[in-house]
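Below: one structure, written as structure tokens.
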Amino acid sequence: MINRNVVTRFAPSPTGYMHIGNLRTALYSYLIAKHSDGTFILRIEDTDRERLVEGATDVIIDTLKVTGLRYDEGPGVGGANGPYIQSERKEIYLRYAKELVERGAAYYCFCSKERLESLHEEDGVGGGYDRHCRDLPKEEVEANLKAGIPYVIRQKIPLEGTTTYEDAVFGTISTENKELQDQILMKADGYPTYNFCHVVDDHLMGVTHVVRGSEYLTSTPKYALLYDAFGWQRPVFVHLPLLMGRGEDGTVSKLSKRHGAVSFADLCADGYMPEAIVNYIALLGWCPKNTENEFFTLDELTKAFSLDGINKSPSVFDYEKLLWFNGEYIRKLTPEEFKERALPFISNPPMDKLDRILPLVQPRIGKLSEIDGKIAFFSALPDYDAAELFQNKKNKVTPDVARDMLSGIVSALSGVFEWNNDALYAALTAYAEQSGIKSGAVLFVARAAVSGLSVTPGGATEIMEILGKDETLARLQIAAERLG
RNA sequence: GGCCCGUUGGUCAAGAGGUUAAGACACCGCCCUUUCACGGCAGUAACGGGAGUUCGAUUCUCCCACGGGUCACCA
């Protein structure tokens with residue numbers, strides 16, 4: 001076997017959003033190519049004219065850009081085998097389809113949609129096409145063509161025998177030809193179907209490894225037959241295990257919109273970072289060898305990736321683990337990086353205090369969208385029920401205890417000249433000691449009064465330092481009033 | 001329903017005939033602690049079932065069950 005340069009492609013149809021399963025396919029495709037220093041191609045499969053979505057190609061290109069999956073050939077980049085948008089290659093396909101007809105591996109079909117529909121009704125599930133036009137006399141075909149009767153071109157599947165191919169992940173896949181349909185290659189509107197044009201393009205573009213989801217496992221024999229009919233070398237087929245989602249009823253199925261945020265854009269908008277997403281999905285269906293490390297940059301993935309680490313069984317997309325990964329990535333950010341990422345997620349950023357607030361939340365969140373809710377109290381004291389807030393079993397705090405404590409806290413604070421965390425902490429613990437109260441209780445009351453919350457990012461004195469003396473005192477005053 | 005594929009803890013997964021069956025997330029507990037997190041330590045929890053092959057099967061074979069995928073002028 002000659003060591004060919006590895007060429008892979010990512011060939012999505014422009015649907016308007018980048019499904020996370022598609023992104024993983026793109027990632028694996030990229031990794032397979034780049035691990036061998038090969039070529040990664042982006043090709044847009046837009047032959048379904050009825051489902052065209054405006055701007056959808058940009059979504060794909062943007063996603064590849066922010067995830068770092070740089071392609072060597074494709075829209076906007078060019079390459080020797082372009083164009084890379086199938087609608088711009090339309091005339092190529094008819095030419096090849098006709099060649100297939102001449103080779104006896106395809107045929108014209110003039111059946112109306114109505115006839116096909118009635119076929120479906122008769123046979124129920126799996127009935128399929130009855131091959132009515134498969135052996136039409138040449139003269140009739142010519143006549144129909146001349147008469148302008150709409151036609152499609154179908155693949156002429158052998159009636160007997162089996163078709164076998166080797167999949168790099170699943171091994172030998174064998175299918176009896178009688179299970180295969182005479183699928184449509186060219187549609188009546190002159191556009192090819194996926195089933196046809198992807199084979200032509202993959203060959204023309206020199207793709208050596210066809211990487212795609214395992215939903216194509218059962219239709220690949222038909223594609224293999226196409227390669228054979230043309231006399232082309234079959235590529236290495238790499239089918240990836242499916243990404244699954246768990247529905248509300250507990251069942252798992254192919255990850256889709258009903259499972260929640262499944263597009264890359266959705267996840268980003270929800271505060272997940274691209275690096276974390278890429279890292280996480282790389283590990284869904286693939287496992288690195290000889291390491292227990294789970295953290296990988298794209299470059300590290302490229303080095304570590306290997307075909308034999310790919311799993312066969314489908315994996316359930318786990319938002320909990322993604323959240324953990326994302327939190328880890330957030331914690332690794334420098335304060336500057338974190339600020340930059342966080343800003344878009346803060347609705348009314350208190351710019352003057354932000355540099356002191358952000359370090360408090362950075363270790364405490366799993367995704368960036370959690371920030372807003374955690375820091376809102378710095379800008380505005382939330383409304384609270386004092387009877388409820390000033391209850392803490394562990395520190396034996398009740399509203400009555402809190403009321404007695406507040407004046408002590410205020411006077412302790414009045415002696416603080418350097419308004420910083422250390423001085424505040426010293427003052428409050430000194431007060432606790434003097435009055436024989438557990439410092440935890442004092443700090444709890446102080447923190448609750450100053451934040452209006454029982455759970456906060458940062459401790460009492462950290463919050464006070466950021467709030468400043470005036471605001472702190474004002475909030476303590478409000479607490480005293482609410483406690484009556 | 002036919003065909004194809006899969007099946008190790010709740011989830012992601014390692015394992016390649018002999019292992020105390022890794023590790024991670026989640027969960028639980030403890031420690032740290034100025035709440036909550038972070039961090040540290042520990043714990044609960046798995047080879048779908050049945051036949052074979054073998055001295056020995058989670059690992060190989062077959063059957064069954066279950067799960068998934070696929071059967072379009074969608075990709």
Side-chain angles (χ1 to χ4, degrees), chain A residues 11-15 45-48 50-51 109 111 113 116 120 124-129 150-154 167 169-171 173-176 178-181 183-189 191-195 197-198 212-221 239 241-242 244 246 251-254 280 283-294 309 311-325 327-328 331 360-366 374 392 394-395 421 425 428-429 439-444 446-448 451 453-463:
Chain A
S13 62
T15 58
E45 311 222 321
D46 61 344
T47 56
D48 185 352
E50 288 174 18
R51 294 195 191 182
C109 168
C111 292
K113 284 193 180 177
L116 296 178
H120 273 281
V125 181
Y129 180 56
Y151 67 89
V152 299
I153 294 178
R154 288 182 183 271
D167 185 86
V169 174
F170 289 89
I173 306 290
S174 227
T175 306
E176 299 209 37
K178 66 177 184 209
E179 300 292 338
L180 272 23
Q181 297 282 320
Q183 63 181 350
I184 291 173
L185 269 20
M186 294 297 295
K187 299 185 265 191
D189 66 359
Y191 280 90
T193 59
Y194 164 83
N195 300 125
C197 56
H198 91 270
R212 56 164 61 127
S214 67
E215 65 265 37
Y216 291 101
L217 213 48
T218 49
S219 38
T220 296
H239 286 99
L242 258 18
M244 314 294 278
R246 189 178 294 283
T251 58
V252 295
S253 54
K254 215 162 103 174
Y280 174 61
L283 266 18
L284 282 181
W286 171 79
C287 188
K289 303 284 178 194
N290 309 317
T291 178
E292 281 184 357
N293 175 41
E294 287 193 291
N311 280 113
K312 291 189 183 75
S313 45
S315 26
V316 175
F317 190 92
D318 183 6
Y319 289 92
E320 288 284 356
K321 184 139 189 185
L322 206 216
L323 189 65
W324 173 78
F325 259 113
E328 292 291 316
R331 274 161 234 137
L360 257 31
V361 294
Q362 190 172 356
R364 291 178 164 83
I365 55 169
K374 286 217 190 302
N392 184 277
K394 191 181 158 201
N395 287 307
N421 186 44
Y425 187 71
L428 289 181
T429 49
S439 64
V442 172
L443 292 162
F444 173 82
R447 192 172 53 79
S451 67
L453 301 167
S454 57
V455 172
T456 57
T461 57
E462 285 174 295
I463 294 168

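The chains referred to below are lettered A, B, ... by the order of the sequence lines, with proteins before strands, and numbering in each begins at 1.
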Measuring only the P atom in each nucleotide, how far is B/G48 from B/G9? A whole number of Å is fine. 7 Å
Heavy-atom side-chain contact between A/Thr175 and A/Thr218 under 4.5 Å: no
B/U53 and B/U8, which share atom name P, separated by this distance in whole Å: 27 Å
Under 3.5 Å on both distances, the Watson-Crick or G-U partner of B/G67: B/C5
B/A37 versus B/C31 - spacing of their C1' atoms, nearest Å: 15 Å
I'd like to know if A/Glu294 and A/Lys321 make a salt bridge, using a cut-off of under 4.0 Å between side-chain N and carboxylate O. yes
Taking 4.0 Å as the cut-off, does a side-chain nitrogen or oxygen of A/Lys187 come that near to OP1 or OP2 on B/A75? yes
Would you say the side chains of A/Thr220 and A/Arg212 form a donor-acceptor pair under 3.5 Å? yes
Counting the atoms with a prime plus P, OP1 and OP2 as sugar-phosphate, which does A/Cys111 contact under 4.0 Å by heavy atoms, base, sugar-phosphate, or nothing? base
Generate the contact string for nucleotides 32-47 of chain B. Rules: B means base contact, S means sugar-phosphate contact only, - means no protein heavy atom under 4.0 Å. --BBBSSS--------
Given the C1' atoms of B/G15 and B/G23, what is the spacing between them in whole Å? 12 Å
Say you pick atom C1' in B/C55 and the same atom in B/C41; how far apart are they, in whole Å? 42 Å
Heavy atoms only, 4.0 Å cut-off, all strands: where does A/Val152 land among base, sugar-phosphate and nothing? base
Does a side-chain N or O of A/Asn293 approach OP1 or OP2 of B/A24 to a distance below 4.0 Å, or not? no
Taking the nucleotide of RNA chain B with the closest heavy atom to each, which residue, A/Phe170 or A/Cys287, is nearer the 5' end? A/Phe170
Value for CD1 (A/Ile153) from CD1 (A/Ile184), rounded to nearest 0.5 Å, stands at 10.5 Å
How close or far is atom C1' of B/A75 from atom CE of A/Met186, stated in whole angstroms? 16 Å
Indicate for each nucleotide in nucleotides 60-69 of chain B, in 5' to 3' sequence, whether protein heavy atoms under 4.0 Å reach the base (B), only the sugar-phosphate (S), or nothing (-). --------SB
Between A/Thr47 and A/Leu284, which is nearer to the 5' end of RNA chain B once each is assigned its nearest nucleotide? A/Leu284
Using Watson-Crick or G-U wobble geometry with both distances below 3.5 Å, tell me the partner of B/C62, or none. B/G50
Could you measure between the two C1' atoms, the one in B/U61 and the one in B/U54, and give it in whole Å? 12 Å
